[in-house]
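To keep things clear, I will list the structure first and then write my remarks on it.
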Amino acid sequence: MEQILANGLYLGAQYALIALGLTLIFSLMNVLNFAHGQMYVMGGFVTYTVVAQFGLPFIVGLLASAVVLAVIGAVCERFLFRTVIKRSKREESTMLLAAGIAFFLDAVILLVFGEKQRGVPKIVDGVFNWDMRLIMPYDRILIGALAIAMVVGFILFMQYSRTGRAMRALAQDRMAAQLMGVDVDRYSMIGFALGAMLAGIVGGLLVTITGINLGMGGPTSVKAFLMIMIGGAGVISGAIAGGFILGMMESIGLTLLAAYGDVTYLAIFATLLVFLAIRPQGLMGKPWG
Amino acid sequence: MGQMLNFDNVELFYDHVYALKGVSIDLNEGETVALIGANGAGKSSILRAITGLRKIKSGRIDFMGERLDGTAPADIVRKGIAMVPEGRRVFPFMSVKDNLLMGAFTRSDKADIARTLDSILTRFPRLKERYNQQAGTLSGGEQQMMVIGRALMAKPRLLLLDEPSLGIAPKLVQDIARAIVAISRDEKVSVLLVEQNSRMALSISNRAYALSTGSVVLSGESKALMNDDRIKAAYLGGEV
């Protein structure tokens, strides 16, 4: 039991960070960022390159992932999404653009980093063992704690900083935010950069545990969308709830359903279908979107 | 009392339909000017043109001797123009406190912002009671007080009010009218008021313009307009 909870918490924190980035971009710009998983993979490879290739400390790799992905996010918003949103009123346009960016990033990752699975040496050794009831390697504990700290940091930033407040205002009423003097273009770019940065940071965190490979982008995007469907799109609390719920479900499934084969995600999808039929806006979502 | 706003022969279209057909209005420092007229007469379009939310087709807008049209909405707020939009447009999932702080988004002096916040909470004590509540849970009247306070947080020189009495309980309309008078007196802010409630608008303004289908049809001192037979027939008829 303790083991399942601890695993769920550890996974959930990573997932919540991914979902937060996705939901931030959605709430600010009404864009479904299908490239979110690729941004996560990109973050993993950047940390891998800095740590395993250049031999620099892990924290430098993590910072590099954050910076590189923030720049990629800002560029995507400034030169791609902003132009498309100005020219087209149809939502499919930004969806197609996001899907295009996903394929493009996949191609770039293949070209630059190759198709091999990559990992970095353990950042801390040793295993925490509480009477065989709860066993967790120290590096997992560290990564989980870092992720939880970042979720908390993100909430505090959105709640109390001037920039965070402006982004919340923009998400709730674009026109009123403009009347307060919020520059919509500027804050959309900041929001997109921040969302992509969160994806990149999780990639950097998880490369130390599970490693990274080219094929993880698509499935990660799917999981991210699952989470914000569970929690409710565009709501911060929803993304966090969705992340931890999916983490817990996976943890429970992998322990209890392991005997029946690889059916965890089958069970999760089936549950989600029923759940969405009953509550299409998700747990914390607003019926009007 | 110098001229503050000059709105000169402005034309504005919404998707090829005329919203303003060469409208000219002006406003002097310290004045409260009302725009009255039926739904669709173009009153709100004038406010949207001033705040930069809508681009004008021709004509020009000057504020404090500087050209205003073509400036981005965010920069117009920085020049000292704050608007209370129609339908209130609160940030529903933010606290009253955060809504008010958003009003001061363009300001950076924290001590000065705190002073303004204090004076607004003194003016609208209800907001103090609801300070940490989500704005979406307030009543219509409370929301209207809050968005007027939010606009004042910018320390504007010109306050634009778009239908402040719309959807407000009749007995609260008087409170709002009184608040507008008190604000223009205490804060030395000029007010451009758009209202369908013409009687209220004329009773608290110095001058007024009556609009119909995108043109100014009558203008003058509010007191005189209140006794004008044409105004009585067209705008004050139904209300006693």
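Please read these numbers as outputs of a predicted model, since none were measured by experiment. To find a chain, count down the sequence lines: A is the first, B the second, and so on, and within it residues start at 1.
- Counting heavy atoms of neighbouring residues, nucleotides and ligands inside a 6.0 Å radius, atom CZ of B:Arg157 does not exceed 12 of them.
- Between the CG atom in A:Leu179 and the CG atom in B:Leu53 there is a gap of 5.0 Å [rounded to 0.5 Å].
- The side-chain tip of A:Arg162 points at the ring of B:Phe105 from less than 6.0 angstrom away and within 45° of straight on.
- Here the CZ atom belonging to B:Phe91 is positioned 8.5 Å from the CG atom belonging to A:Leu170, to the nearest 0.5 angstrom.
- The number of heavy atoms from other shown groups lying within 6.0 Å of CD (A:Glu91) does not exceed 12.
- For the pair A:Val182 and B:Met102, the minimum side-chain heavy-atom distance is below 4.5 Å.
- One distance of note links CG of A:Asp183 with CZ of B:Arg78; it measures 7.5 Å at 0.5 Å rounding.
- For B:Tyr131, the OH atom counts as densely surrounded, since its 6.0 Å shell holds more than 12 non-hydrogen atoms of other residues, nucleotides or ligands.
- Proximity to chain A involves both the backbone and the side chain of B:Thr106, based on heavy atoms less than 4.5 angstrom apart.
- Interatomic distance, A:Gln172 CD to B:Met94 CE, rounded to the nearest 0.5 Å: 6.0 Å.
- Counting non-hydrogen atoms of neighbouring residues, nucleotides and ligands closer than 6.0 angstrom, the CZ atom of B:Arg67 exceeds 12 such neighbours.
- Between A:Gln178 and B:Val77, the closest side-chain pair of non-hydrogen atoms is not below 4.5 Å.
- Within a 6.0 Å sphere centred on CZ of A:Arg186, other residues, nucleotides and ligands contribute 12 heavy atoms or fewer.
- Separation of atoms CZ (B:Arg48) and CE (A:Met175) is listed at 5.5 Å; rounding is to 0.5 Å.
- For a residue to count as touching a neighbouring chain, one of its non-hydrogen atoms must lie under 4.5 Å from one of that chain's; by this rule A:Ala177 touches chain B with backbone and side chain alike.
- Across all non-hydrogen atoms, the minimal contact from A:Ala176 to B:Arg89 is CB-O, 3.5 Å.
- Contact record, A:Gly181 with B:Ala74: O-CB, 3.4 Å, taken as the closest heavy-atom pair.
- Under the 3.5 Å distance criterion, the side-chain polar atoms of A:Arg165 are left unmatched by any main-chain donor or acceptor of B:Leu101.
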